[in-house]
Novice: 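Quick one: structure below, then a few questions.
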Amino acid sequence: MNTDPFGDDTPVYVISVAAQLSGLHPQTLRTYDRMGLVSPGRTAGRGRRYSMRDIVMLREIQRLSQEEGINLSGIKHILELQRDNVRLREELAKAHAALEELAKELESTRSVAARLAQQRRRHGEQGGTPGSDLVPIRQTSVVVWHERNRD
């Protein structure tokens, strides 16, 4: 997320400036807002304030309309699909990260289990300490095994 107070998402341009920067008429911007194509920020008095990201989006809508011949309904559908695509990619990245974390935890758990099995075998061969047992203790997301005496 952009922490710059005047970054691409900061709504700073009034409608007349946004219209000039995008090459569109202010009434066109109002229509796009009503249709949900570009929804600018609002002031306390409900005045529209456009960000640079909004200006870029207005230019893209104009390009799709003029150069590609796509009607506004089609453009709205394209923009919704693009937003969904971005959201789904973010969700997929989070799922991959969680899967990677779980795979590392599983590998760590398998390693600990193998060492514990080996230790138990050694204790069994040596007679072990009477009443001793291995007890799992969960700390954060890693399982730590602790040997406990039941004396």
Side-chain angles (χ1 to χ4, degrees), residues 1-121 132-150:
M1 177 159 247
N2 193 348
T3 58
D4 179 4
F6 296 105
D8 289 347
D9 291 327
T10 306
V12 293
Y13 304 106
V14 295
I15 194 166
S16 59
V17 174
Q20 188 175 15
L21 290 172
S22 64
L24 299 169
H25 192 277
Q27 191 58 41
T28 303
L29 274 60
R30 290 183 190 94
T31 300
Y32 289 177
D33 185 11
R34 278 192 300 277
M35 291 182 68
L37 293 172
V38 175
S39 298
R42 297 285 182 157
T43 65
R46 301 292 299 147
R48 291 174 177 87
R49 291 295 184 272
Y50 291 84
S51 68
M52 186 49 69
R53 188 174 311 278
D54 294 332
I55 305 297
V56 169
M57 184 62 65
L58 290 167
R59 290 176 182 164
E60 178 63 8
I61 292 169
Q62 180 73 354
R63 186 192 70 75
L64 289 169
S65 175
Q66 297 300 311
E67 294 177 19
E68 304 295 332
I70 301 170
N71 65 25
L72 294 180
S73 178
I75 291 171
K76 182 174 182 178
H77 189 66
I78 289 169
L79 296 177
E80 288 169 355
L81 290 172
Q82 287 176 338
R83 283 186 213 112
D84 287 347
N85 191 0
V86 167
R87 182 184 52 79
L88 290 171
R89 285 178 185 266
E90 290 169 355
E91 285 181 26
L92 183 59
K94 288 177 186 175
H96 278 293
L99 181 60
E100 184 67 27
E101 178 77 21
L102 288 172
K104 288 177 184 176
E105 188 174 332
L106 177 60
E107 185 57 36
S108 175
T109 302
R110 285 180 176 160
S111 175
V112 168
R115 284 190 308 234
L116 288 172
Q118 184 180 29
Q119 188 176 14
R120 287 194 75 137
R121 281 193 300 275
S132 73
D133 199 8
L134 295 174
V135 180
I137 300 173
R138 184 168 280 283
Q139 294 181 343
T140 63
S141 65
V142 178
V143 175
V144 178
W145 293 85
H146 172 78
E147 192 165 354
R148 175 182 80 185
N149 285 328
R150 287 193 240 161

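Predicted model, so just to flag it, every value in this text is computed and none were measured. Only heavy atoms go into these numbers, but all of them, side chains included; no hydrogens, no water, no symmetry mates.
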Novice: Measure the CG-CG distance between L37 and L64 for me, rounded to the nearest 0.5 Å.
Specialist: 10.0 Å

Novice: Would you name the heavy atoms of R49 and V12 that are closest together and state the gap between them?
Specialist: CD-O, 4.0 Å

Novice: Assess whether a salt bridge exists between R42 and D33, defined as any Lys/Arg side-chain N lying under 4.0 Å from an Asp/Glu carboxylate O.
Specialist: yes

Novice: Could you tell me whether E90 and K94 have a side-chain N and a carboxylate O separated by less than 4.0 Å?
Specialist: no

Novice: Do the side chain of K76 and the main chain of G36 share a donor and acceptor less than 3.5 angstrom apart?
Specialist: no

Novice: Using every non-hydrogen atom in the two residues, find where A18 and L29 come nearest and quote the distance to one decimal.
Specialist: CB-CD2, 3.7 Å

Novice: Between the main-chain N or O of L24 and the side-chain N or O of T28, is there a donor-acceptor pair closer than 3.5 Å?
Specialist: no

Novice: In Å and rounded to the nearest 0.5 Å, what is the CZ to CG distance from R89 to D84?
Specialist: 12.5 Å

Novice: Taking atom CD of Q62 and atom CD of E68, what is their separation to the nearest 0.5 Å?
Specialist: 12.5 Å

Novice: In Å, rounded to the nearest 0.5 Å, how long is the span from CD of E91 to CG of L88?
Specialist: 5.5 Å

Novice: How about R48 and V14: do any of their side-chain heavy atoms sit closer than 4.5 Å?
Specialist: no

Novice: Go through it in stages, so that I can follow the logic: the residues are S65 and I70, the test is side chain to side chain contact (heavy atoms under 4.5 Å, CB included), and I'd like the CA-CA distance, side-chain angles, deciding distance and then a yes or no.
Specialist: CA-CA 5 Å; S65 175; I70 301 170; over 6 Å; no

Novice: Heavy-atom count around R83 CZ within 6.0 Å, excluding the residue itself: above 12?
Specialist: yes

Novice: Evaluate side chain to side chain contact (heavy atoms under 4.5 Å, CB included) for D54 paired with Y13, printing each intermediate quantity in order.
Specialist: CA-CA 10 Å; D54 294 332; Y13 304 106; over 6 Å; no

Novice: At their closest point, which heavy atom of R59 faces which heavy atom of L21, and how far apart are they?
Specialist: NH2-O, 2.8 Å

Novice: Below 4.5 Å, heavy atoms only, C-beta onward: do Y50 and V38 meet side chain to side chain?
Specialist: yes

Novice: Given side chains that start at C-beta, do those of L79 and I61 come closer than 4.5 Å, heavy atoms only?
Specialist: yes

Novice: Given E60 and R63, is the salt bridge (Lys or Arg N to Asp or Glu O under 4.0 Å) satisfied, shown in steps?
Specialist: CA-CA 5 Å; E60 178 63 8; R63 186 192 70 75; 2.9 Å; yes

Novice: Is the count of non-hydrogen atoms from other residues, nucleotides or ligands lying under 6.0 Å from R87 atom CZ greater than 12?
Specialist: yes

Novice: Taking atom CD of E80 as the centre, report whether more than 12 heavy atoms of other residues, nucleotides or ligands fall under 6.0 Å from it.
Specialist: yes

